[in-house]
**Student:** 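Got a structure for you, questions after.
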Amino acid sequence: AVVSTQSTGDQVLLSDSYGQNQVFFKKKFKEVIKNVQPVMREHSRKFFHRDLLRARETKTDLASYKRELKKFERMIKEQPEELYCVDTIHNLLTSYRDIKDYKSMIRFVDSLPDNNAKRHQLIQYLYAFALERNSPDDHSERDRALD
């Protein structure tokens with residue numbers, strides 16, 4: 001239990017009743033926040049996946065399902081720290097693939113920043129698949145898929 005506090009400029013020193021275990025509040029607060037962030041990311045991803053699965057299961061017509069998928073795409077872009085990972089991108093791409101919306105798959109992958117998630121094997125496979133299926137007669141798309 002914290003018994004006494006002592007201010008030193010912009011930091012607060014916390015100490016217990018014996019004067020031991022002194023910790024600067026700012027430092028301790030940063031440690032706590034660092035521990036909370038991964039938990040929050042995990043919860044955000046779980047909710048994202050749950051909602052995406054629910055949208056897949058309850059889709060009634062193609063147009064409304066496409067609108068739902070666009071919302072999920074915006075969520076990934078608006079919350080990159082929480083949702084930007086291979087798993088969420090892969091799930092969204094497979095949802096587009098299931099309805100044969102290859103143009104949306106290509107547009108989404110093209111809009112992603114170039115990093116490890118975009119270069120991941122699963123994402124590259126689905127991207128090449130979409131390029132091939134989008135324009136089977138277009139050799140430039142086929143060459144792009146092979147790159």
Side-chain angles (χ1 to χ4, degrees), residues 1-2 5 7-16 21-147:
V2 175
T5 60
S7 276
T8 57
D10 65 339
Q11 296 192 6
V12 177
L13 183 66
L14 305 174
S15 61
D16 61 13
N21 301 325
Q22 296 183 349
V23 179
F24 282 102
F25 178 74
K26 193 174 186 180
K27 182 179 176 184
K28 187 67 173 173
F29 186 70
K30 283 182 180 180
E31 289 174 14
V32 169
I33 292 298
K34 283 181 185 178
N35 292 335
V36 169
Q37 286 174 341
V39 173
M40 294 293 288
R41 281 189 199 118
E42 187 62 32
H43 283 300
S44 295
R45 289 176 186 161
K46 282 182 183 179
F47 286 126
F48 179 87
H49 292 296
R50 182 201 65 199
D51 293 345
L52 183 60
L53 182 62
R54 189 176 294 149
R56 278 184 199 169
E57 291 172 349
T58 61
K59 66 181 174 191
T60 54
D61 65 303
L62 191 60
S64 66
Y65 185 55
K66 281 185 179 183
R67 282 193 301 275
E68 284 293 312
L69 293 178
K70 298 278 187 222
K71 288 178 189 176
F72 287 113
E73 188 176 328
R74 275 194 306 275
M75 286 172 59
I76 290 174
K77 291 178 182 177
E78 290 170 0
Q79 302 173 21
E81 293 175 4
E82 290 86 12
L83 297 174
Y84 193 84
C85 68
V86 173
D87 196 29
T88 55
I89 294 168
H90 178 259
N91 281 322
L92 182 60
L93 288 174
T94 54
S95 296
Y96 278 132
R97 183 201 60 199
D98 291 347
I99 59 170
K100 297 180 171 104
D101 191 357
Y102 305 120
K103 288 182 187 201
S104 293
M105 289 174 72
I106 295 167
R107 181 189 42 72
F108 177 58
V109 173
D110 285 341
S111 72
L112 296 173
D114 193 25
N115 63 16
N116 291 338
K118 186 175 181 175
R119 291 188 299 267
H120 193 275
Q121 241 178 344
L122 287 170
I123 306 307
Q124 289 298 303
Y125 170 78
L126 287 171
Y127 182 59
F129 178 82
L131 286 169
E132 176 64 29
R133 293 293 172 103
N134 187 43
S135 302
D137 299 331
D138 187 0
H139 294 292
S140 65
E141 292 285 305
R142 182 171 290 156
D143 293 340
R144 197 167 140 199
L146 291 173
D147 288 339

**Student:** Side-chain contact, heavy-atom cut-off 4.5 Å: Tyr96 with Arg107?
**Tutor:** yes
**Student:** Drop me the distance from Leu69's CG to Ser64's OG, to the nearest 0.5 angstrom.
**Tutor:** 9.5 Å
**Student:** Are side-chain N/O atoms of Thr94 and Arg56 paired as donor and acceptor at under 3.5 Å?
**Tutor:** yes
**Student:** Could you check Ile99, Thr60, Thr58 and say which one makes a side chain to side chain contact (heavy atoms under 4.5 Å, CB included) with Tyr65?
**Tutor:**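 The residue from Ile99, Thr60, Thr58 that satisfies side chain to side chain contact (heavy atoms under 4.5 Å, CB included) with Tyr65 turns out to be Ile99.
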**Student:** At what distance, to the nearest 0.5 angstrom, does CZ of Arg97 lie from CG of Leu126?
**Tutor:** 6.0 Å
**Student:** Testing the basics here: between Asn116 and Arg119, what is the closest heavy-atom pair and its distance to 0.1 Å?
**Tutor:**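 Looks like OD1-NH2, 3.1 Å.
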**Student:** In Å, rounded to the nearest 0.5 Å, how long is the span from CZ of Phe129 to CD1 of Ile106?
**Tutor:**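 One finds 11.0 Å between CZ of Phe129 and CD1 of Ile106.
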**Student:** Can you find a heavy atom in the side chain of Phe72 that is under 4.5 Å from one in the side chain of Asn91?
**Tutor:** no
**Student:** Out of curiosity, Phe108 CZ to Lys70 NZ, how far, rounded to the nearest 0.5 Å?
**Tutor:**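 Phe108 atom CZ to Lys70 atom NZ measures 10.5 Å (nearest 0.5 Å).
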**Student:** So, does Asn134 use its side chain to make a donor-acceptor pair with the main chain of Ala130 at under 3.5 Å?
**Tutor:**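 Checked: no pair found.
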**Student:** Where do Cys85 and Ala117 come nearest, in terms of heavy atoms and distance?
**Tutor:** C-CB, 4.5 Å
**Student:** Please check if the side chain of Lys118 supplies one atom and the backbone of Ile123 the other of a donor-acceptor pair under 3.5 Å.
**Tutor:**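 No; judged by distance alone, with no hydrogens or angles, the pair does not exist.
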**Student:** Hey, does Leu93 have a side-chain heavy atom less than 4.5 Å from the side chain of His90?
**Tutor:** no
**Student:** Rounded to the nearest 0.5 Å, what separates atom NZ in Lys77 from atom CG in Leu112?
**Tutor:**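 Nearest 0.5 Å value for the NZ-CG distance: 7.0 Å.
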**Student:** Working note: Arg54 + Asp51, criterion salt bridge (Lys or Arg N to Asp or Glu O under 4.0 Å); need CA distance, chi angles, decisive distance, verdict.
**Tutor:** CA-CA 5 Å; Arg54 189 176 294 149; Asp51 293 345; 3.8 Å; yes
**Student:** Looking at Thr88 and Leu83, would you say the former's side chain and the latter's main chain have a donor-acceptor pair under 3.5 Å?
**Tutor:**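 Checking the backbone N and O of Leu83 against the side chain of Thr88, a donor-acceptor pair under 3.5 Å is found.
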**Student:** Could you give me the CA-CA distance, side-chain angles and deciding distance for Arg45 and Asp87, then say whether salt bridge (Lys or Arg N to Asp or Glu O under 4.0 Å) is met?
**Tutor:** CA-CA 9 Å; Arg45 289 176 186 161; Asp87 196 29; over 6 Å; no
**Student:** Do the side chains of Phe48 and Met75 get nearer than 4.5 Å, heavy atoms only?
**Tutor:** yes
**Student:** Starting at OG of Ser95, measure out to CG of Leu52 and round the result to the nearest 0.5 Å.
**Tutor:** 4.0 Å
**Student:** Taking only Lys NZ, Arg NE, NH1 and NH2, and the carboxylate oxygens of Asp or Glu, determine whether Glu68 and Lys71 approach each other closer than 4.0 Å.
**Tutor:**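 A salt bridge links Glu68 with Lys71.
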**Student:** Do Glu132 and Tyr102 pair up side chain to side chain, a donor and an acceptor below 3.5 Å, judged on atom types alone?
**Tutor:**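 Judged by distance alone, the side chains do not pair up.
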